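Remember, it's a predicted structure, so these values are computed and weren't measured experimentally.
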Amino acid sequence: MMNNRLAHSGRFGAAIRTPAASAIPDAEPVYRAGDTVMHPSEGVCTIAELRRMALSGMPERTYYVLKPATQKGSSTVYLPVARGNAILRSLLSEQAIRDLIRQSEAYAGLWIADSKLRKEAFTRILSEGNIARIIRMIAEIHEQNAKRALEGKKPCASDEAILAEAERLLHQEFSHVLHMSPEETAAFVCKELGVQRG
């Protein structure tokens, strides 16, 4: 099976067929080949090309052909231009990252004592995609982990899972923009926030 993915439709192995006679109208592409963009689930991607084709029985249309930065080998994401225009975005600038870190202070007080309620609330924060709020959540998890360490306690497993996913979502883009390793990026964010990594 090909190691290609049709975005939001799972893996597929169907061969690309001959273009259909009844093609559907395309949206005007916002991005060009060579652009680096942020995909909500794949992360940082380069647009390898725009290709007109028909996939898995669908009418012919134009696709963004994306190469995720963290994927190796033949991994490719095919995203219809109309859908891509709606969900892709340009990468943040270094100044925008610093501004978001500062803005995250406005969301102080996210911590919830009850671990079950906290997990539900933090999962919602991740799904909403508010970057400044996610940064604040990361900070508060680190703060609480540091407190638990002083008490001789291990971090809460659900907090660690949320933290790993939050940092995965943010640090790939931040690392790319800031030209830092993921570890350096994590240390940079915590330093900017004035928190100790737990």
Side-chain angles (χ1 to χ4, degrees), residues 1-13 27 29-51 55 62-101 103-104 107 119 122-142 158-193 197:
M1 182 179 289
M2 295 169 61
N3 186 26
N4 293 336
R5 292 188 301 284
L6 182 61
H8 300 289
S9 299
R11 294 184 182 276
F12 68 95
V30 172
Y31 305 101
R32 299 178 180 179
D35 287 350
T36 302
V37 295
M38 193 68 183
H39 185 287
S41 60
E42 298 294 337
V44 176
C45 295
T46 298
I47 297 178
E49 62 176 307
L50 276 77
R51 188 189 303 173
L55 292 178
T62 304
Y63 286 79
Y64 289 120
V65 181
L66 305 175
K67 291 288 186 180
T70 58
Q71 301 290 341
K72 296 180 180 179
S74 61
S75 181
T76 303
V77 177
Y78 296 99
L79 190 61
V81 163
R83 178 73 177 143
N85 290 347
I87 69 169
L88 299 175
R89 64 170 173 81
S90 299
L91 297 185
L92 297 168
S93 67
E94 181 175 346
Q95 187 58 54
I97 289 172
R98 292 181 183 276
D99 290 344
L100 284 165
I101 291 171
Q103 291 165 18
S104 71
Y107 295 100
K119 180 180 178 181
F122 283 1
T123 300
R124 279 196 303 274
I125 289 172
L126 280 178
S127 67
E128 289 166 359
N130 181 317
I131 295 175
R133 203 170 182 205
I134 292 172
I135 292 170
R136 188 61 219 170
M137 180 182 72
I138 288 171
E140 295 195 11
I141 292 174
H142 279 306
S158 60
D159 292 339
E160 287 294 277
I162 292 284
L163 178 63
E165 178 62 11
E167 291 189 331
R168 183 193 71 80
L169 286 170
L170 294 191
H171 291 178
Q172 185 189 152
E173 179 177 13
F174 287 14
S175 295
H176 188 91
V177 173
L178 300 171
H179 307 289
M180 296 179 179
S181 69
E183 185 64 25
E184 289 170 336
T185 301
F188 165 79
V189 172
C190 285
K191 182 180 178 182
E192 290 291 302
L193 290 167
R197 293 185 70 193

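The distance from the CD1 atom of I135 to the OH atom of Y107 is 10.5 Å, given to the nearest 0.5 Å. The CD1 atom of I101 lies 9.5 Å from the SG atom of C190; values are rounded to the nearest 0.5 Å. If you take CD1 on I162 and CZ on F122, they are separated by 8.0 Å, rounding to the nearest 0.5 Å.
Nearest heavy atom pair, residue R168 against residue S41, reads NH1-O, 4.0 Å. The heavy-atom pair separating A166 from M137 by the smallest distance is CB-CE, 3.8 Å. Residue P68 comes nearest to V77 through the heavy atom pair CG-CG2, 4.1 Å, listed as atom of the first residue, atom of the second, then distance.
For the pair R136/E140, a side-chain contact is recorded, criterion being any heavy-atom separation below 4.5 Å from C-beta on. Proximity of N85 to Y64: side-chain heavy atoms (C-beta onward) are separated by under 4.5 Å at one or more points. Residues S104 and L193 have side chains in contact (heavy-atom distance under 4.5 Å, counting atoms from C-beta outward). For the pair L79 and Y63, the minimum side-chain heavy-atom distance is 4.5 Å or more. In this structure, the side chains of R51 and T62 stay at 4.5 Å or more apart for every pair of heavy atoms. When side chains are defined from C-beta on, I134 counts as touching I125, because their heavy atoms get closer than 4.5 Å. Side-chain contact between R89 and V37: absent, with no pair of heavy atoms (C-beta onward) separated by less than 4.5 Å. You'll find the side chain of R32 stays beyond 4.5 Å of the side chain of I47, heavy atoms only.
In this view, A96 and L92, S93 satisfy the side-chain contact (heavy atoms from CB on, under 4.5 Å) rule, not counting sequence neighbours. Not counting sequence neighbours, E167 has no partner by the salt bridge (Lys or Arg N to Asp or Glu O under 4.0 Å) test. Not counting sequence neighbours, the partners of S181 by the side-chain hydrogen bond (donor to acceptor under 3.5 Å, both in side chains) test are E184. Residues satisfying the side-chain contact (heavy atoms from CB on, under 4.5 Å) test with L169, not counting sequence neighbours, are L126, E165. The side-chain contact (heavy atoms from CB on, under 4.5 Å) check on S158 picks up K119, C156, with sequence neighbours excluded. With sequence neighbours excluded, the residues forming a side-chain contact (heavy atoms from CB on, under 4.5 Å) with R98 are E94, Q95, R102, F188, E192, listed by chain and number.
With hydrogens and angles ignored, the 3.5 Å screen pairs a side-chain donor or acceptor of S127 with a backbone N or O of R124. With hydrogens and angles ignored, the 3.5 Å screen pairs no side-chain donor or acceptor of Y31 with any backbone N or O of G84.
Each of T36, T46, T76 was evaluated against K67; a single residue qualifies, T76, per the side-chain hydrogen bond (donor to acceptor under 3.5 Å, both in side chains) test.
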Mind running side-chain contact (heavy atoms from CB on, under 4.5 Å) on L66 and H39 for me, showing each step along the way?
-> CA-CA 9 Å; L66 305 175; H39 185 287; 4.0 Å; yes

Does the side-chain contact (heavy atoms from CB on, under 4.5 Å) test come out yes or no for L88 and M38, once each step is laid out?
-> CA-CA 6 Å; L88 299 175; M38 193 68 183; over 6 Å; no

